[in-house]
Amino acid sequence: MAWESGDLQAAETGIKRELQVLRELQERDTGPDLKRDLADTVSWLGSIALRQGDLAAAGEYLKRSAESLRLLSLAEPDSTTRKYDWASAIQLVVNVALLTGDLSGAETLTNQAMAIFDELAAQDEDNRVWVRSSSEGWILKGKLLAARGEFENARNYAARAVSLLRTLVEEEASDLASQEVLADAYYLTAWIDVSTGDVAAALDSNQNALENMQLLQRAGHLNDKRLGKLASVMVSQGQLHQSLGQYDQSQGFWQQAREMLAEKAATVSTPLLLDPWARVLMLSGQIDEAENIIKKLETNLYRPLRPWPKTAG
């Protein structure tokens, strides 16, 4: 409840107390399930640190969790549950690596997670969670390639993810988790489209991403991470309209993003929200304020995959 309400200090206190209790239990229970619970609790500390903007601490917690889950998987090589837990933990580490600009480290881990998820998905094509997780791996790989300028290679991964995720949401429209990942795939596609000179296609792809994120918004499922995604898509939509000379539309999207982020941006430190906030400030002409946010992010090790805007709209 503290996590969902944004009270990260209370969430951290509660999780650390849980970790203490689990360690006490481990003195008489050394079984794999308790070890898995310990790894999950450490992972929660990593997620809290990420929302607090402490990328160094987030990375360390998540690596510790992933290593524990790796050992559990190695001890039970036939367990699909252990494999899934391990690969999911790897992807959390990758997300932080991408936020710090560690593309080399992120790629090695992404390939590892992709191999596990693809193996799981091949075993059971009807397991929606495994298929969605496999698609998340392709999106991560696509981001890495796009960040290196390998856009056509990145497009292959984005297209595979879009195809599978569209099938998932067509089968079950209420699957908001798949709707969110599909938005990620469309957003990546828009980045690739605009980077290869097809602004019209980028506008369509980004609009699809926007519509998927708005489904989560209407359902009341916007936590900090999803709010940041929605705002990022809106900022990009404004930039695409700007590039087509449609300035009223661009200003409208940037105004919506400002209104969504203003209250949160004053109190949070996570790059998941401060990145789109800095972008919309810069595009709206508030250069000094944007640069202050960027300096704060850089101090906390954040390195954006996409360049910052250069000038106001």
Side-chain angles (χ1 to χ4, degrees), residues 31-44 46-47 62 65-98 106-145 154-189 208-209 211-213 215-216 219 221 223 225-226 229:
D33 289 339
L34 184 61
K35 290 179 180 178
R36 193 270 178 195
D37 289 343
L38 276 161
D40 183 61
T41 304
V42 172
S43 179
W44 269 103
S47 296
L62 294 172
S65 175
E67 175 61 14
S68 296
L69 293 168
R70 182 185 74 86
L71 294 175
L72 285 173
S73 183
L74 291 177
E76 299 179 48
D78 295 329
S79 171
T80 56
T81 299
R82 300 298 185 212
K83 288 179 181 179
Y84 174 80
D85 287 344
W86 178 26
S88 297
I90 292 171
Q91 288 190 338
L92 292 176
V93 176
V94 169
N95 281 318
V96 174
L98 290 177
E107 183 169 31
T108 300
L109 292 170
T110 297
N111 291 340
Q112 191 175 36
M114 284 173 57
I116 298 170
F117 279 130
D118 288 350
E119 175 191 345
L120 292 174
Q123 291 179 27
D124 185 357
E125 295 180 355
D126 294 326
N127 189 313
R128 297 176 61 86
V129 174
W130 291 356
V131 172
R132 183 172 64 241
S133 296
S134 184
S135 299
E136 287 180 300
W138 298 343
I139 293 168
L140 289 172
K141 182 73 171 183
K143 286 181 180 180
L144 285 162
L145 294 167
R155 188 186 300 281
N156 293 330
Y157 287 97
R160 289 172 67 189
V162 167
S163 178
L164 265 186
L165 291 161
R166 284 182 62 178
T167 299
L168 289 182
V169 300
E170 286 167 4
E171 291 173 348
E172 190 175 320
S174 62
D175 182 359
L176 294 180
S178 292
Q179 295 280 9
E180 180 182 357
V181 183
L182 179 55
D184 294 339
Y186 278 131
Y187 188 51
L188 170 60
T189 303
N208 287 332
E211 290 172 0
N212 276 272
M213 290 309 302
L215 286 173
L216 277 80
H221 284 251
N223 54 23
K225 180 180 179 181
R226 292 171 184 152
K229 286 184 181 182

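Since this is a predicted model, take the numbers as computed values, not measurements. If you read the sequence from its start, that first residue is 1, and numbering goes on from there.
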Find the distance between [atom1] ([X]) and [atom2] ([Y]) and round it off to the nearest 0.5 Å.
X    : Y    : atom1 : atom2 : answer
M114 : L140 : CE    : CG    : 9.0 Å
S134 : L164 : OG    : CG    : 7.0 Å
K143 : Y187 : NZ    : OH    : 9.0 Å
R36  : L34  : CZ    : CG    : 11.5 Å
L109 : I90  : CG    : CD1   : 6.5 Å
L92  : S47  : CG    : OG    : 6.0 Å

With the side chain counted from C-beta on, respond yes when [X] and [Y] share a heavy-atom pair under 4.5 Å apart, and no when they do not.
X    : Y    : result
L120 : N127 : no
I139 : L165 : yes
E172 : S178 : no
N212 : E180 : no
L72  : W86  : no
T81  : D85  : yes
L145 : R155 : no
E171 : L168 : yes

- request: Check for a donor-acceptor pair, side chain of T189 on one end and backbone N or O of A185 on the other, with a separation under 3.5 Å.
  value: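 Present.
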- prompt: Are the charged groups of D33 and R82 less than 4.0 angstrom apart, N to O?
  reply: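 Salt bridge flag = yes for R82 with D33.
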- prompt: Would you say E170 has more than 12 foreign heavy atoms packed within less than 6.0 Å of its CD?
  reply: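 Yes, the 6.0 Å shell around CD holds more than 12 heavy atoms from other groups.
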field: Other residues, nucleotides, ligands: >12 heavy atoms within 6.0 Å of R226 CZ
entry: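 Counting neighbours around CZ of R226, more than 12 heavy atoms of other residues, nucleotides or ligands fall under 6.0 Å, so yes.
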query: Can you list every pair that meets salt bridge (Lys or Arg N to Asp or Glu O under 4.0 Å) and has a residue in residues 108-124, with sequence neighbours left out?
result: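 Matches after skipping sequence neighbours: K83-E119.
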field: With sequence neighbours excluded, residues passing ring pair (Phe, Tyr, Trp, His ring centres under 6.0 Å) with F117
entry: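 If we apply the ring pair (Phe, Tyr, Trp, His ring centres under 6.0 Å) test to F117, skipping adjacent residues, the hits are Y84.
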field: Minimum-distance pair of heavy atoms, taken over all atoms of D40 and S65
entry: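 It is N-OG, 4.5 Å.
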